[in-house]
2 protein chains.
Amino acid sequence: MDDGVNREQGLTAASQVHLALKRDLIGGRFRAGEKLAIASLRQHYGVGLSPLREALNRLAAYGLLEQENQRGFRVPTLSRAELDDIAEMRRRLEVQALTLALENGDDEWEAMLLGAFHRLRRADEALGADPETLEHWEQMHLQFHRCLLAPCGSKWLLRFIEQLHDQFDRYRRLAPANHGIRETLDAQHEDLVALAIERRVGGAVDMLQTHIRLSHEVAQGACT
Amino acid sequence: MDDGVNREQGLTAASQVHLALKRDLIGGRFRAGEKLAIASLRQHYGVGLSPLREALNRLAAYGLLEQENQRGFRVPTLSRAELDDIAEMRRRLEVQALTLALENGDDEWEAMLLGAFHRLRRADEALGADPETLEHWEQMHLQFHRCLLAPCGSKWLLRFIEQLHDQFDRYRRLAPANHGIRETLDAQHEDLVALAIERRVGGAVDMLQTHIRLSHEVAQGACT
DNA sequence: TTAGGATAAAAAATCGATTTTTCACTATGA
DNA sequence: TCATAGTGAAAAATCGATTTTTTATCCTAA
């Protein structure tokens, strides 16, 4: 009697507030280092204490919050050293994943990848000043990178890359926008698709590393 | 007025049950695939519902439990494919970490490493049939491997390795004991210490890979 | 016999109230 | 002046009760 849609829609209050908090943490809607006032979060997200605390515990275990016994939850601070660590790990793990993905990816994957890139490009064109289109672009961007590495065959590799991506994006989204560089980055997405489909492993890996390093430079704007 | 000890002792009920549950999950005290009956856990660990649920949420975010909306928590199943993934990731990440650790490790680290190895050897000698000495050996073993890679300089690399270690140990501890292999593995610990202190990167990396692969073979006994 | 639907029991999730701990502030005495 | 103890307010953590959802069982009709 239930289809996949209903199953996904049947989110608990804890899962809903978990998603909303995750979005807001990565989107930079809390100050770095800020202590979270649980009572006001309760108001803001319109949930009770129990599901809210469950969500906070999940996010702390994931690394998007810091938890100290008897002292509640705190938004992690930003530092150049930590960003460098995150970016370097991302580079190493994504290179591994891309290499494996190019070995395993099939025709269907190529089709999905082209689709994801098309959606990203459309989101780029639609990009305005409103947070609506920005959030949509972020979604398409994340899905593009996910799709690129999806067929790598390692659940744990993908899991860690996802986690690093979330950490990285918190920095990137706090950094000042740089329109010249943004265009370069998007051109790299297109090149990545072409190189990946042609299975030019060396070229694709180099392009991905260049892409991550350039994003890293952009994201550094969040630290200073 | 508080020292580090008091701070650590000042654990919340949620943190205590989190630690206890983590220990029991890795120690194999639940059947793989088992659905956790929250009411009986509450009894068994002697805590209320809220701290228990917070602990379960943390463990699910960490990957030691599976959570399905409205359907509670389940112990992850075991599979050969997943173990292979975990072991292969462990091998790749630990090789990276060891290489960096040998670059950065100082005299103090060498001293700590010798100490950790000594404690592991003593725990080996004291090893009896009681779960008391076994749990102590597991602690010393974990601390030895932690210590070996500690100076690698990457917080995220160490975090992922720790997570994979916990996953791996769940398999290893379910596998039947093999005394001949156990002695080989312990000899490798000693070789690792010597190679690490002499900064023979190639040799140490090879030894670590051999060590992980042999452990992998042992752990496969949990799947069949 | 079996698919579908109502129903009761069980389990999960949530809520509001209570207890415990921390934090900010003041007062006291050396 | 400074360290320290005390005090009340605020926040975190926990508890027990309630609501919601799932699951198992039985019943009915095709």
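By convention in this document, chain letters (A, B, ...) are assigned in the order of the sequence lines, proteins followed by strands, and residues within each chain are numbered from 1.
Taking the six-membered ring where tryptophan is involved, the planes of B:His165 and B:His145 are tilted, since the angle between them lies from 30° to 60°.
Listed by chain and residue number, nothing satisfies the ring-ring contact (aromatic ring centres under 6.0 Å, His included) test with A:Tyr171 (two or more places apart in sequence, or in another chain). Here A:Arg42 pairs with nothing under the salt bridge (charged side-chain N to carboxylate O under 4.0 Å, His left out) rule; sequence neighbours left out.
Here B:Ala14 lies in heavy-atom contact (under 4.0 Å) with sugar-phosphate atoms only.
Going from atom CG of A:Asn69 over to atom P of C:dC23 covers 12 Å, rounded to whole Å. Summarising the geometry, the separation between NZ on A:Lys35 and C1' on D:dA12 is reported as 8 Å, rounded to the nearest angstrom. In this structure, B:Leu36 atom CG and C:dA12 atom P are separated by 9 Å, rounded to whole Å. Between the CG atom of B:Leu11 and the P atom of D:dT14 there is a distance of 10 Å, given to the nearest Å.
Cation-pi geometry between B:Lys35 and B:Phe30 is not met at under 6.0 angstrom from the ring centre and within 45 degrees of the axis. In this structure, B:Arg182 is positioned above the aromatic face of B:Trp137, its NZ or CZ under 6.0 Å from the six-membered ring centre and within 45° of the axis.
At least one donor-acceptor pair under 3.5 Å links the side chain of A:Asp85 to the backbone N or O of B:Lys155.
Only B:Val47, B:Gly48, B:Leu49, B:Ser50, B:Pro51, listed by number, bring a heavy atom of residues 47-62 of chain B to less than 4.0 angstrom from any atom of DNA chain D.
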